[in-house]
Amino acid sequence: MAFTNEQLERYSRHIILKEVGAKGQKKLLDSSVLIIGAGGLGAPAAMYLAASGVGTIGIVDADEVDLSNLQKQIIHSTNDVGKAKVLSAKETMEAMNPDVTVNTYRTFVSSDNIMDLIKDYDFIIDGTDNFPAKFLINDACVMAKKPFSHAGIIRFKGQLMTYVPGQGPCYRCVFKNPPPKDAVPTCKQAGVIGAMGGVIGSLQAMEAIKYILGIGDLLTGYLLTYDAINMEFHKIKLPTDTHNCAVCGDNPTITELIDYEQAECDGVL
């Protein structure tokens with residue numbers, strides 16, 4: 001594929017990087033990433049992936065834009081209130097970069113649809129805000145052998161890890177089962193500082209880009225935590241013995257996807 005003059009200018013800061021170059025930019029244009037959740041995490045991830053020239057980006061979200069979302073979900077604007085989040089996100093991304101094909105899925109992920117949603121994508125980003133969705137995404141990606149980035153944010157703290165099949169622990173290796181209902185505050189109860197989504201969501205986009213390019217060290221085998229109040233990052237090494245994991249271990253006991261009961265929440269963070 002030959003770049004147009006406009007593409008050479010648009011991606012010039014990528015192309016001059018020895019780790020990317022023209023070959024790497026072509027990889028990005030030929031790649032696909034699915035983002036589950038068009039909220040505080042998914043919004044910056046989607047915008048940076050679109051700006052970077054990831055050729056096909058899928059957005060999954062069932063909700064409409066609410067005024068309370070705008071403090072953190074930067075892909076949406078005031079004029080988008082009441083609009084489906086996937087459509088608002090698509091408009092923003094396509095306005096930013098016409099090279100990008102944006103596929104929208106206005107639905108909640110469930111055991112019935114997630115395998116079909118993830119099957120055609122190279123990398124999955126978990127931008128959801130609830131434990132049932134996170135365990136479902138993890139289990140589906142493990143079963144489908146799909147790499148993915150997990151992240152979570154609350155108040156002034158965030159965390160993320162990356163799973164690559166055969167290269168490290170999955171989310172369930174670390175967090176065995178969802179916590180009991182009402183044991184963890186919901187989005188409305190706990191709150192989150194808006195810029196936290198930008199920090200962690202951008203790191204998720206970076207993990208996807210590095211995976212596609214095949215460069216650097218991913219957060220496989222590590223949990224990266226961020227405390228904004230104290231401005232501290234910590235990279236925590238995760239257990240390397242995954243043989244007994246219920247989903248990715250040698251003799252998995254979870255062989256079918258599970259729809260755990262979800263706590264009431266105000267949409268994806």
Side-chain angles (χ1 to χ4, degrees), residues 10 28-130 132-134 136-138 140-141 144 146-151 187 197-198 200-202 204-205 207-209 211-212 257 259 262 265-269:
R10 179 184 293 275
L28 290 172
L29 288 164
D30 290 341
S31 68
S32 59
V33 176
L34 181 71
I35 302 170
I36 303 178
L41 293 167
M47 292 176 74
Y48 272 113
L49 291 174
S52 297
V54 170
T56 302
I57 302 173
I59 303 285
V60 185
D61 200 301
D63 292 334
E64 296 178 350
V65 179
D66 183 83
L67 191 61
S68 67
N69 299 146
L70 302 183
Q71 158 260 6
K72 57 188 178 296
Q73 300 178 16
I74 59 171
I75 206 165
H76 314 299
S77 70
T78 302
N79 290 336
D80 294 320
V81 170
K83 184 183 295 185
K85 286 185 180 181
V86 292
L87 296 181
S88 171
K90 178 182 174 76
E91 291 170 359
T92 302
M93 295 159 70
E94 290 181 339
M96 178 184 296
N97 189 351
D99 284 347
V100 175
T101 297
V102 181
N103 299 325
T104 61
Y105 310 92
R106 190 177 181 184
T107 184
F108 292 106
V109 290
S110 70
S111 61
D112 291 330
N113 65 13
I114 191 167
M115 294 304 252
D116 282 337
L117 288 169
I118 69 177
K119 67 179 181 181
D120 294 325
Y121 289 89
D122 300 320
F123 192 92
I124 314 300
I125 287 181
D126 169 15
T128 64
D129 73 338
N130 63 83
K134 292 186 179 302
L136 178 66
I137 292 166
N138 175 81
C141 286
K146 293 283 185 177
F148 79 97
S149 168
H150 148 78
C187 323
I200 303 300
S202 297
Q204 287 187 283
E207 287 290 275
I209 289 168
Y211 175 82
I212 292 163
L257 298 175
D259 290 312
Q262 297 199 21
C265 203
D266 62 344
V268 293
L269 286 179

TODO: Output all residues satisfying side chain to side chain donor-acceptor pair (under 3.5 Å) with T101, sequence neighbours left out; order by chain, then residue number.
DONE: none
Judged by atom type as modelled, is there a donor-acceptor pair below 3.5 Å linking the side chain of [X] to the main-chain atoms of [Y]?
X    : Y    : result
K90  : N103 : no
S110 : D112 : yes
S32  : D122 : yes
K85  : R106 : no

Task: Y105 and its side chain to side chain contact (heavy atoms under 4.5 Å, CB included) partner, picked from I59, N113, L34 - done: L34
- [ ] Determine the sole option in V60, L49, V102, V86 for which the side chain to side chain contact (heavy atoms under 4.5 Å, CB included) test with I35 is passed.
- [x] L49
Tell me yes or no: between the side chains of [X] and [Y], is some donor less than 3.5 Å from an acceptor?
X    : Y    : value
D259 : S111 : yes
T128 : N130 : no
N79  : S77  : no

Task: Y48 atom OH, over 12 foreign heavy atoms within 6.0 Å - done: no
TODO: State the NZ-CG distance between K72 and L41, to the nearest 0.5 angstrom.
DONE: 10.5 Å
